[in-house]
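Notes follow once the structure below has been shown.
Atom set for the values below is all heavy atoms of this structure, side chains included, hydrogens, waters and symmetry mates excluded. When a ligand or atom number is given, it counts from 1 through the structure's own listing order.
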Amino acid sequence: MCGIVGYVGDKTAVPILMEGIKKLEYRGYDSAGIALLERGEMVFQKNAGKIKVLEENLAGKRFTATCGIAHTRWATHGEPNDTNAHPHTDESGRIAVVHNGIIENYRSLKKYLEGKGHTFRTETDTEIIAHLIEDNYDGDLLSAVRKALKRVEGTYGIAVVCKENPDEIIAARHGSPLVIGSGSGENFVASDVSAILRHTKQVVYLEDGELARVTPDGFSISTLQNVEVTPELQEIEWSLEQIEKGGFEHFMLKEIYEQPVALQNAQRGRLDFEDGMSRLAGLQLQLDELLSINRVILTACGTSWHAALIGEYLIEDLSRIPVEVEYASEFRYRSPIIPDGTVVFVISQSGETADTLAALREAKRKGATVLGICNVVGSTIARETNGGIYIHAGPEIGVASTKAFTSQIMVLSLVTLLLGRMRHMSIEKGRQLLEGIRNIPTQVQLILDNAEQVKRIADMYCDHNNFLYLGRGINFPVALEGALKLKEISYIHAEGYPAAEMKHGPIALIDENMPVVVIALKDQVYDKVLSNIQEIKARNGRVIAVASQGDDEIKRLADHVIYIPNVLYHLSPMLSIIPLQLLAYYIALNRGRDVDQPRNLAKSVTVE
Ligand code: F6R
C-alpha cells in the first residue's frame, strides 16, 4: 500500500527521503515520486515503476533542499503511470501533496473546483486535495489544509508542502496511519515508523482528525476543529537490524527462520506452571469479566483470518465457549448480533488493516468488549481496542505473513488456556498444554533444520500450475494458509480444502499433474486422512504429506513425506505450517518471483 515520508531539518532531504521510501518498498507500490523545496522553487520527480527508476532520474542532480516529501503509490484511482504518481500539485504548482487512502467524494469536489476554474492533469483523487488547499490558501498552510479537509470524505494520511512556506510540512490523518518522528533540529513524517527508524525512535502517532505542523524545531498538533492537542511521545522498541535482511536472500526467508525466536517472545513471561495457566495482563479484564464471557467472535483478514479459524478450534475444544469467526470485511457491513457476554477479538499483524479496523469500531458501537491481537505496538487497532495482547513477533516486512501467523496462534493458545482454566480445564491439562507450548520454538527449529528436503521437493514441483492443500480438524485452516502462501508469492493456483470435502468436488481435478499437499498427522483424524490419500493415489495424484515423526505407514502411500516432531493436536498448526511456508518460498524462488513484493499485493491494506 502507499507510503509517505517527509523531512524538514538541517540536512539535505533527498537521501533521507529516498532511503525512507525504500524502507517502505515492502508494502507494495507501482510508482514513486518526490517533491522538494529547492532554492525557493518546488521541484518534482515522479515515475511509474520501482524506486530505482526514480533514483536514476534524480542521479546527477545536485539538490540542496532541506525540506521535502516522497511517496510510493499503490494505484487505486487511475493507472500506475508517471502522471498519476504522487506528489500532486495545485493549479499554480506551489503546493504539493502526497496521500494514502481514498477520497470518496472526489467527483463532486472535482465538479465544484472545475466550476471555480480549476483544471486537472491526472485521474487521481489526490489531485483534488492539492486544488482544494490552493482554494483556501492565504499564506497560512495549516489553516488552508484544515479548511480543505473539512470538505473531504473518505480516508487520508497526507503530507503537504508549499513553496511559500519553505520550512514546514503539514501532515493530517483520517483512517490512514501517519507518524511524526522527533529529532534534534529536524523532524520527520512517515506512514510507517520503519521509514524513519534510522533517524529517530521518538515518535507521535497522529489520531484520526488530527493535523500536525512540522518544522525543523518542533511540531504542533491540532484537530480539524482547531483544538490544540498535547503530543504524546512514544519510544519505538524495534531496532534497525530487525528491519534489515541480516544475510538472508529475502525478508520472507529471514522471517520464516525467525519463528523459533518469535514464538519464544510470544510466550515470554506469560506461562504460569504453578497454576497451569497463562498470564495475560494486557487483556485488562477483571476476574468476573473473564468469567462472564459466554461467546467469542474472532474477526480478521487473510492470514490473520486463518489464525482466527485455528483459534475457533482451540477455544471451542478447550475452553468450551462458542466461537464465531468472521471476515472483518463482512462483519463491518452486516448487522452482527452481539449479546451481553460477547467478547470480540480482532487479529491483525499490522494493526492498520482498514476492514479489521472498521469491524473493531462496529463491534464497539454495538457495545462489545473488543480486544486486539496485534504485532505493531501503537498501531491504530492496538490503540482503539479495550485491551489486548501483543504477539511480539518483531517487524514483519515480507508481504507474505509467516512469523506473525504462528505467533498469533501462540497467543490464541494462551488465551484458550486462560479461558479454559477459568472453566472446565483441569490443572493437569493446563500444565500439559503449557509444556507443549514451551517446546514449540525448539520443535520449529528442528523443522527448519530440514529445509533442504522441502527445497528438493519444491525443485521437483515448481513447474506445476495447480496445487491442492488438504487438512482436517485444526489443520484444515493450515491447508488454507499453505495454499494462500503459494498463490501469493508464486502466482500458482492453489486451493485449500478440508480433506473430506475433496470427494464433493475437487476430486474431479485430480490426475498426475495435480500435486496434493496433505497434512496427515497422527491425531484423531489420522485414519480418515489416510483414506483421503488413498483416494488421491487411486486417481494418480501426487501426494506430498506432512506427517508425524516415526510414522512409517504413510511412506507407503505418499510420494514424499516431510516429518515434523510429535506435538499435541491443538498446538500442531504452529509446526505443520512451517514446511508449507518453505515449500511456497522455494517454489516462488524457482519461478524467479519477487518473493518479498509479490505483484498487486500490499503489506498493510489500509484501504477498503
Ligand atoms: C497474507 C497476508 C495478508 C494479511 C491480511 C491482514 O500473507 O499477509 O492476507 O494477513 O492482509 O493483514 P493484518 O494481519 O496486518 O491485518
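His464 is linked by a side-chain hydrogen bond (donor to acceptor under 3.5 Å, both in side chains) to nothing, counting only residues two or more places apart in sequence or in another chain. When the salt bridge (charged side-chain N to carboxylate O under 4.0 Å, His left out) test is applied to Glu258, the partners found at least two apart in sequence or on another chain are Lys254, Lys403.
The closest donor-acceptor contact from the side chain of Arg591 to the backbone of Cys462 lies under 3.5 Å. Of the possible polar contacts, none joining the His71 side chain to the Cys2 backbone as a donor-acceptor pair under 3.5 Å is found. Side chain of Glu255 to main chain of Ile397: a donor-acceptor pair is present (N/O by atom type, distance under 3.5 Å, no hydrogens or angles).
Those atoms of ligand 1 that come under 4.0 Å of a heavy atom in Ala400, given as number and element, are 7 (O). Atoms of ligand 1 lying under 4.0 Å from any heavy atom of Ser401, numbered from 1 in the order shown and given with element: 7 (O), 8 (O). Of all the atoms in ligand 1, the ones that sit under 4.0 Å from a non-hydrogen atom of Glu488 are 1 (C), 2 (C), 7 (O). Short contacts between ligand 1 and Gln349, defined as distances under 4.0 Å to a heavy atom of the residue, involve ligand atoms 13 (P), 14 (O), 15 (O), 16 (O). Using a 4.0 Å cut-off to heavy atoms of Ser350, the atoms of ligand 1 that qualify are 13 (P), 15 (O), 16 (O). Interface of Ser348 with ligand 1, defined as ligand atoms under 4.0 Å from a residue heavy atom, comprises 13 (P), 14 (O), 15 (O), 16 (O).
Residue Glu501 qualifies as enclosed at atom CD: its count of foreign heavy atoms under 6.0 Å is above 12.
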- Check the pair Glu207 / Arg383 against salt bridge (charged side-chain N to carboxylate O under 4.0 Å, His left out), numbers first and verdict last. CA-CA 10 Å; Glu207 299 289 346; Arg383 293 202 308 274; 2.9 Å; yes
- Task: Evaluate the criterion salt bridge (charged side-chain N to carboxylate O under 4.0 Å, His left out) for residue pair Glu326 and Arg334; output intermediate values, then yes/no.
- Result: CA-CA 10 Å; Glu326 185 134 20; Arg334 282 203 313 114; 2.6 Å; yes
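Across the listed options Val346, Thr353, Leu357, Ile373, Thr353 owns the non-hydrogen atom lying nearest to atom 13 (P) of ligand 1. Considering each of Cys301, Ala300, Ala328, the one bringing a non-hydrogen atom nearest atom 5 (C) of ligand 1 is Cys301.
Shortest contact from atom 11 (O) of ligand 1 to any protein heavy atom: Val605 CG2, 4.0 Å. In terms of protein heavy atoms, atom 3 (C) of ligand 1 is closest to Thr303 N, 4.0 Å.
Inclusion of Val399 in the set of residues having an N or O under 3.5 Å from an N or O of ligand 1 is warranted. Not one N or O of Gln408 is nearer than 3.5 Å to an N or O of ligand 1, by distance alone. Considering backbone and side-chain atoms alike, Lys485 places an N or O below 3.5 Å from some N or O of ligand 1.
Tyr205 and Val203 get closest at one heavy-atom pair: CE1-CG2, 4.0 Å.
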